[in-house]
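Everything below concerns the one structure shown next.
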Amino acid sequence: QVQLVESGGGLVQAGGSLRLSCAASGRALSSYAMGWFRQAPGKEREFVAAVSLSGGTTAYSDSVKGRFTISRDNAKNTVYLQMNSLKPENTAVYYCNVYSGPWIVVENPGHYWGQGTQVTVSS
């Protein structure tokens with residue numbers, strides 16, 4: 001029903017920055033918490049960040065705290081992930097996720113995912 005399209009990924013050098021965007025269509029996202037997850041080759045999908053309905057509450061994995069910032073613009077039906085001070089270990093495909101309700105539940109992502117956007121950080 002809902003389609004999520006991530007964009008903004010690319011190739012950057014260590015220490016650089018990228019801003020990922022996730023645009024939704026077919027459904028308003030204002031009633032749902034939103035999250036970003038990532039998956040590197042040979043690894044399981046892992047939680048990166050999440051944001052509450054109006055952006056007032058955020059959650060981050062320990063590895064990205066202080067470097068990544070999640071935000072949302074409900075008027076544009078879009079969620080963002082600003083990534084600063086990127087490291088080679090941040091290389092992964094990043095996926096946008098719609099939680100099943102208004103609450104952030106790190107260990108239980110929702111049913112809707114985007115196609116992912118590749119982030120590659122070179123040393």
Exercise for the section: Take the angle between the ring planes of Tyr99 and Phe37 and call it parallel below 30°, perpendicular above 60°, tilted in between. Expected result: tilted

Exercise for the section: Specify whether Tyr94 and Phe68 have parallel, tilted or perpendicular ring planes, treating 30° as the upper limit for parallel and 60° as the lower limit for perpendicular. Expected result: tilted

Rounded distance [0.5 Å steps], [atom1] in [X] versus [atom2] in [Y]:
X: Glu6; Y: Cys22; atom1: CD; atom2: SG; answer: 5.0 Å
X: Leu53; Y: Asn74; atom1: CG; atom2: CG; answer: 7.5 Å
X: Ile70; Y: Thr57; atom1: CD1; atom2: OG1; answer: 12.0 Å
X: Ser21; Y: Leu4; atom1: OG; atom2: CG; answer: 12.5 Å
X: Arg38; Y: Glu44; atom1: CZ; atom2: CD; answer: 14.0 Å
X: Gln82; Y: Ser17; atom1: CD; atom2: OG; answer: 6.0 Å

Exercise for the section: Let me see the working for Asp73 and Thr78 under side-chain hydrogen bond (donor to acceptor under 3.5 Å, both in side chains), right down to the final yes or no. Expected result: CA-CA 5 Å; Asp73 187 337; Thr78 301; over 6 Å; no

Practice task
Could you check Val105 against Glu107 for side-chain contact (heavy atoms from CB on, under 4.5 Å), going step by step and ending with a plain yes or no?
Solution key: CA-CA 6 Å; Val105 186; Glu107 66 273 19; 3.8 Å; yes

Shortest non-hydrogen contact from [X] toward [Y]:
X: Ala40; Y: Ala92; result: N-CB, 3.9 Å
X: Thr69; Y: Tyr60; result: CA-OH, 3.3 Å
X: Ser100; Y: Gly110; result: OG-CA, 3.8 Å
X: Thr117; Y: Gly9; result: OG1-N, 3.2 Å
X: Pro102; Y: Ala33; result: O-CB, 3.8 Å

Problem - side-chain hydrogen bond (donor to acceptor under 3.5 Å, both in side chains) against Glu89, all qualifying residues, sequence neighbours excluded - result: none

Problem - Test side-chain hydrogen bond (donor to acceptor under 3.5 Å, both in side chains) applied to Arg67 - qualifying residues, sequence neighbours left out - result: Asn90

Exercise for the section: Mind running side-chain contact (heavy atoms from CB on, under 4.5 Å) on His111 and Val98 for me, showing each step along the way? Expected result: CA-CA 7 Å; His111 297 128; Val98 182; over 6 Å; no

Connected via hydrophobic side-chain network under 4.5 Å: [X] and [Y]:
X: Leu29; Y: Ile104; result: no
X: Val79; Y: Val2; result: yes
X: Val48; Y: Val12; result: yes
X: Met83; Y: Val93; result: no
X: Trp36; Y: Val64; result: yes

Handout entry: Glu46, CD atom: more than 12 neighbouring heavy atoms under 6.0 Å
Key = yes

Practice task
Step by step, work out the side-chain contact (heavy atoms from CB on, under 4.5 Å) result for Leu20 and Val119.
Solution key: CA-CA 9 Å; Leu20 307 184; Val119 172; 4.0 Å; yes

Problem - Criterion side-chain contact (heavy atoms from CB on, under 4.5 Å) on Val5 and Gln115, from CA distance to verdict - result: CA-CA 6 Å; Val5 180; Gln115 86 290 343; 4.1 Å; yes

Exercise for the section: Determine whether Pro109 and Arg45 make a side-chain contact, defined as any pair of heavy atoms from C-beta on separated by less than 4.5 Å. Expected result: yes

Handout entry: Cation-pi geometry met for Arg72 and Tyr80 (6.0 Å, 45°)
Key = no

